[in-house]
Q: 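What follows is a structure written as structure tokens; I'll ask about it next.
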Amino acid sequence: MSDNIPKHIAILPDGSTQWAKKNGLKPWKGHEFGSVVFGAIAQDIFRLGVRSLSVWASSRGDWETKPAILLSSIKSKLILKNKILQLQN
């Protein structure tokens, strides 16, 4: 691995709901789009040789205050975890 490539990258995605609203979409559509973008970023990160990726995707407060349909969408995106693990191996 190059000395210029970090061993670990952390991502704190934010703004998916605001992006969706700005584009006239339902909030969960922002999370769907964000998950696609995140998947592409994760692939590039591991392709470049980064060994570890951390993602802070939600907080306890999110689970207590967000509408059920939004949470359902977010939960379905957690499947990305398996894809990321596959990319690492």
Side-chain angles (χ1 to χ4, degrees):
M1 178 171 16
S2 169
D3 290 339
N4 294 328
I5 303 295
K7 294 178 184 175
H8 178 253
I9 291 179
I11 298 175
L12 287 77
D14 191 21
S16 297
T17 300
Q18 292 82 2
W19 178 88
K21 288 180 181 178
K22 181 179 175 183
N23 288 282
L25 303 170
K26 298 290 185 184
W28 60 88
K29 289 294 185 182
H31 290 277
E32 288 178 1
F33 182 78
S35 70
V36 171
V37 172
F38 174 77
I41 291 169
Q43 286 181 346
D44 286 343
I45 285 171
F46 291 122
R47 183 182 53 77
L48 290 170
V50 176
R51 304 282 304 195
S52 181
L53 172 62
S54 297
V55 181
W56 180 266
S58 70
S59 68
R60 183 179 205 171
D62 289 338
W63 298 104
E64 295 170 354
T65 61
K66 300 286 184 186
I69 192 162
L70 180 57
L71 292 179
S72 176
S73 174
I74 293 170
K75 287 177 188 176
S76 69
K77 303 313 173 231
L78 293 177
I79 294 170
L80 282 174
K81 176 182 175 184
N82 290 332
K83 292 181 182 179
I84 292 167
L85 292 174
Q86 291 171 359
L87 289 171
Q88 286 180 320
N89 297 325

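In this chain, residues are counted from 1 in sequence order.
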Q: Report yes if the side chains of E32 and K29 come closer than 4.5 Å at any heavy-atom pair, otherwise no.
A: yes
Q: Which pair of non-hydrogen atoms, one from T17 and one from P27, has the smallest distance, and what is that distance?
A: CG2-CB, 3.8 Å
Q: Identify, with sequence neighbours excluded, every residue that meets side-chain contact (heavy atoms from CB on, under 4.5 Å) alongside D44.
A: R47
Q: Tell me every residue that passes side-chain contact (heavy atoms from CB on, under 4.5 Å) with I41, counting only those two or more places apart in sequence or in another chain.
A: I11, V37, I45
Q: Step by step, would you call L25 with F33 a side chain to side chain contact (heavy atoms under 4.5 Å, CB included)?
A: CA-CA 11 Å; L25 303 170; F33 182 78; over 6 Å; no
Q: Can you name the one residue among V50, L48, V55 that meets side chain to side chain contact (heavy atoms under 4.5 Å, CB included) with I9?
A: V50
Q: What are the two closest heavy atoms between L53 and H8, and how far apart are they?
A: N-CD2, 4.2 Å
